Structures are given as C-alpha cells and as structure tokens.
Amino acid sequence: MFDLKAIRENPEAFDRLWAKRGLEPLSKKILDQDKLIRKAMQVVQEAEAARNKASKQIGAAMGKGDKEEAERLKTEVAGAKNVIAAMGAQVESEKGQLDNLLAGLPNVPFETVPDGAGEEDNVELSKWGTPRDFDFDVKAHDDLGTDLGLMDFETAAKMSGSRFVVLRGALSRMDRALAAMMLDMQTAEGFEETSPPFLVWPKALYGTSQLPKFAEDLYPAGEDHFLIPTAEVSLTNTVRESILEAETLPKRMTAHTPCFRSEAGAAGRDTKGMIRQHQFNKVELVTICKPEDSEAEHLNMLRCAELVLQKLELPYRVVELCTGDLGFGARKSFDIEVWLPSQDTYREISSISNCGDFQARRMNARYKHAAKDNRFVHTLNGSGLAVGRTLVAVLENYQNADGTITVPKALVSYMGGLEVIG
RNA sequence: GGGCGGGUGGCAGAGUGGUUGAAUGCACCAGUCUUGAAAACUGGCAUAGGUGUAAGUCUAUCGGGGGUUCGAAUCCCUCCCCGCCCGCCA
C-alpha cells in the first residue's frame, strides 16, 4: 500500500517509478479520487458534528424536562442523519474504489533498479565457483533420482497428480539433511528458528501482497484459510498490527516449511522433474527492521543465502532483477542462480527482496521511532534456500559416471555418515 | 463441534443508554523541592484522519463488522480471540 501524502507531495516520482514497471501514470487518478473522498468526508464530518452537538442538547433538554425543545432538536438531528447516510455511503463507495486500485498496484522500485522486460534483462552481479567438467554425458536430476529408485513421480501422480514427487531413502534423508544444515547455518547468523502456521487467513496474504491480485496461485484450505505459498507470509505477519519497540529491531527469523503453489500461470514450464512442484520445502529468511537499515539487511540476507551454496560447493551467480522481473511487493531483489549441468545454465534457487514499507503498511506494522512518532517498519524476505532445488543441484553437480551421487562433504554428517548414494 | 464466562488506554482496573476519549492505581515524561537521588507535590501522557501558517478545531476508534436509538464502551446480531466444562482427536 502507499502513503497518499507521499504521492500528494511527489506525484511525478511515483509515476516515473511505476513507469519503470510499464504502468500508466496513475498519480493523478489516485489524487483526484482522494480529493473527492476528502471533500465528501468533510461534509459527513460536519453533519456528524451537528448531530453530536444536537444530541447533547437533547440530553440537557430532557434533563430539564423541556420536551418541546427536545422534539425540535430531534428533527434537526434527523436532517443531519440524512446527510450522513447519503454522503457516508458515497464516501464508502469512493474509498472502496480507491482501495481496490491501490491494493492492485505493485510496489515502486528503487531508482537504481535496472530497466528491463523480463528475466533476460537481469543484471549479473557476481559469480562463484566453476562449473565442473564432466567426462561423461550428464544426466538430469530426475533421471538420476528415478534410476536410483529414490525419486518417484509416477507414484506421486497416482495419488496427487502431476508436479508432485515421492522421495525415498537417501534422497528423502537428503531433503531433511539440507534443511537441517540450512537452519543450523541461518540460526548461527542470528536468524531465530521459527515454526509458524502453514494455514493462514486471507488478511495475512493481503498483508504480504499475495492477495488480492494473485489468488489463483494459492491453494484454499477449508472455508477460511489458504496454504502458505512461502513462509514469508507467516514470518512477516508475526509483526502485523503491532507497534514494536525500536530496540527489538532488527528481527531476523528463519523457518523450514512446505510451500504450496498452484503454478496456475506456469503451464508447460518445467513440467519434468522437481524444479517446479505444487509442494516443496524451503528454508525462509525474513527480516523486520528500521527503514534506514533495510539496504544493509538486504545485503546481509544475500550473504547468508550465498553461504549455503558455498558450503555445498555449488557454483552459482547472483543477479539483480530488472523492473520486468521484479516481484509485486519488492523494491529491489537479488536472485541467486545455481549451476545445473543438465540444462547447461544457472537456475533460480533463491530470491531475496527488500519490500520497504509496502507490506508494513498493508499489515499495519510499526515501531516506536520516537515519542508520539510511530513509523512503518521495513520488511525483507528471501530463501535460504529452496530445499527442493538445492537437492536438484546437488544431484546434478555431484553425479558420477555410474549414476551414483557423491554426498557433498558438508552434508555427510547430516546424512549419518553416508558418502555416496547408490 | 456444544455450553458458560470474558475481551476497556503501556499494564492493572472502574464504568450497563446522555459533556466518558473514558474514573482510579501503576508505569512513563517534565517541573518544584534536594548537593544528587529517592520520597512528596504539580502538570503532562492513546491512535488514525479532515481542516488550518499556527494555536486550535472537527470526525472516528472501549476485539472486528453490522444494527437499534435523537444519543452506544453500555442494548441486539455476527465474526474473531482468551478462559473454563463437555464431546472428538494426532
């Protein structure tokens, strides 16, 4: 959500930044609507003031036993009430329209975010590690897993359909091992391990801005809840509707949860293998901080996510997302892409975003900046990392000619000492 | 899932239809006193929004939403949350 005052003071800046996302100029429309609302509100409030005043006088008149005067005042109030009802309804309707418009608008990117239409225009910031030279034909992770008998898409399809998998034995263990290692690393970096709900109300999803615009990407659960598409929703909403003490910031949280996504818009993409599933595990990082700290925290989260890939010795690169690839709630995002030999390319394994006060406004999450000065916090989220995709990367990068998988050194202790799978 | 009892300012806790945005206590801030501190005393102390250069003023808010009424923290409906009892259950 946006600060109408800020738009009022600087409409050109908002229009320019929305334009970076390919949106029409909207400030005028927003401000005209706002003006309309405030004007109508003034009329309502004046009528309300008249009603309140007359009502008090009625009380006084009744006290004195002056029934005539009371009756006269009642007719006065009736007139005011007509105005309140009529104009009030108009205000509600105009406000609703403005809210709908604003709720559907993406966050404004930082000025520095590179312009671009899509993924291909993202800007590479750094590279780490060197893709390994294979002296045999590399297999894709799903072939490796299927051949080992430890990754079973057919069985999953029988009970749940496509985009699900059954992992068995050492691969199931590896999924747990990776998550455990990530949690150990992130908690060592000061992120508090958290076990949040996996089912949330719509208002929580509204707060982190998956709703109202992206309902079709979500799985409803029962009458009132949705399955979380990412732990970002649960972790970020831990501070909703609250005023935090400044000294409790920054709050850094991490959680290992399943994530559920309908992948409605992804028909035909990554249909094979574990890259894009309806359900996957992820270790999430969320930071709640003061506005002046958010850029530093953003870099810190990037560093923490990178550490996992370095520890696993998986080659990766970091890109900054261009305006065309930037998520709805983000002002600036880094993606970490891991090397996948079977695809001969880097694929996203983590996305780390600074949302500024966008989500905080939608959640009403503030902190005490000074006495009588409560300000919105900044929220950031990122994967640290996507467990399923990390498993994919380990399988592909650590595969051997005979189809076995060498367990990364860092993971051996988490795998109960197992050094080779298969 | 059923029944009963609750939800009031940072906290505790009054208030059951008429100057109650809300008593009182604690906490907090400022001042007086004091060498300093404590105590005592005095004053201040919610949020959001409209309007105004400002002082100010107006509106809304006593879990959320809706209703009754000239007037609602107080009455009604509904949802949420907390507590207790019963049922069910990993």
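Being a predicted model, the structure only gives us computed values, none of them experimental.
For the C1' atoms, the distance from B:C45 to B:A27 is 11 Å, rounded to whole Å. Using C1' as the reference atom, B:U53 and B:G36 are 44 Å apart when rounded to the nearest Å. Here, B:G9 and B:G64 have their P atoms 10 Å apart, quoted to the whole Å. B:G15 sits 43 Å from B:C89 when the C1' atoms are compared, rounded to a whole Å. Remark: the separation of the P atoms in B:U42 and B:G25 is 11 Å, to the nearest Å. Spacing between B:C62 and B:C75 at atom P, rounded to whole Å, works out to 14 Å. The C1' atoms of B:G71 and B:U19 are separated by 12 Å, rounded to the nearest whole Å. For the C1' atoms, the distance from B:A72 to B:A22 is 13 Å, rounded to whole Å.
Taking side-chain N and O atoms only, A:R51 has a distance below 4.0 Å to OP1 or OP2 of B:A60. Using a 4.0 Å cut-off, some side-chain N or O of A:N52 falls inside it from OP1 or OP2 of B:U59. Between A:N374 and the phosphate of B:A46, there is no side-chain N or O to OP1/OP2 separation shorter than 4.0 Å.
If you check B:A40 for Watson-Crick or wobble pairing at under 3.5 angstrom, you find it paired to B:U32. B:U69 is unpaired under the Watson-Crick or G-U wobble criterion, no partner having all donor-acceptor distances under 3.5 Å. In a base pair of the Watson-Crick type (N1 to N3 plus N6-O4 or O6-N4) or a G-U wobble (N1-O2 and O6-N3), with each distance short of 3.5 Å, B:G56 is matched with B:U51. Under the Watson-Crick and G-U wobble criteria, each requiring two contacts below 3.5 Å, nucleotide B:G10 is paired to B:C26. Across the strands present, B:C88 finds no partner; the criterion is a Watson-Crick or G-U wobble pair with both atom distances under 3.5 angstrom. Both distances falling under 3.5 Å, in either a Watson-Crick or a G-U wobble arrangement, occur for no nucleotide opposite B:U16. As the counterpart of B:G5, B:C82 is assigned, both hydrogen-bonding distances of the Watson-Crick or G-U wobble pattern falling under 3.5 Å.
Going from atom CE of A:M87 over to atom C1' of B:G50 covers 14 Å, rounded to whole Å. If you measure from atom CD of A:E92 to atom C1' of B:G65, you get 12 Å, rounded to the nearest angstrom. Atom CD in A:Q57 sits about 13 Å away from atom C1' in B:G18, given to the nearest Å. At whole-Å resolution of the value, OH in A:Y206 and P in B:G64 are 19 Å apart. Spacing between atom CZ of A:R240 and atom P of B:G63 amounts to 18 Å, rounded to whole angstrom units. Counting to the nearest Å, the C1' atom of B:C70 and the CD1 atom of A:I84 are 11 Å from each other. Distance A:E245 CD to B:C28 P: 14 Å, rounded to the nearest Å. Rounded to an integer number of Å, the gap from A:K95 NZ to B:G65 P is 12 Å.
With values rounded to the nearest 0.5 angstrom, A:H378 atom NE2 is found 12.5 Å from A:K290 atom NZ.
Aromatic ring centres of A:F358 and A:F2 lie closer together than 6.0 Å.
Among the protein residues, A:R8 comes within range of the sugar-phosphate backbone only, with heavy atoms under 4.0 Å from sugar or phosphate atoms but none that close to a base. At the heavy-atom level, A:I58 lies under 4.0 Å from base atoms of the strands shown. When heavy atoms are screened at a 4.0 angstrom cut-off, A:R72 is found touching no nucleic acid atom at all.
For the pair A:K81 and A:R366, both in contact range of RNA chain B, the more 5′-proximal nearest nucleotide belongs to A:R366. Checking A:V77 against A:I243, the closest nucleotide of RNA chain B that is more toward the 5' end is the one next to A:I243.
Inspection of the A:N122 and A:D335 side chains reveals no N or O donor paired with an N or O acceptor under 3.5 Å. A donor and an acceptor atom, one from each side chain of A:T404 and A:N400, are located under 3.5 Å apart. Side chain to side chain, A:Q210 and A:T208 meet the donor-acceptor criterion of an N or O pair below 3.5 Å.
Between B:G71, B:C80, B:U47, one nucleotide has an atom nearer to the side chain of A:S55 than all others, and that is B:G71.
Sorted by first and then second residue, the pairs that involve residues 144-176 of chain A and meet ring pair (Phe, Tyr, Trp, His ring centres under 6.0 Å), not counting sequence neighbours, are A:F164-A:H278.
Note on A:R252 versus A:E297: salt bridge recorded, some NZ/NE/NH1/NH2 to OD/OE distance being below 4.0 Å. Salt bridge status for A:K74 with A:E71: present, with a side-chain N to carboxylate O gap under 4.0 Å.
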Take A:T187 and A:E193 through the side-chain hydrogen bond (donor to acceptor under 3.5 Å, both in side chains) test and state the conclusion after the steps.
CA-CA 6 Å; A:T187 53; A:E193 186 165 349; 5.1 Å; no

Would you tabulate the side-chain donor-acceptor contacts of residues 83-96 of chain A under 3.5 Å, counting partners in other chains and residues two or more places apart, or write 'none'?
unit_1	atom_1	unit_2	atom_2	d
A:E94	OE1	A:Q33	NE2	2.8

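Shown for residues 34-49 of chain A: residues whose heavy atoms fall under 4.0 angstrom of RNA chain B, namely A:R38, A:M41, A:Q42, A:Q45, A:E48, A:A49.
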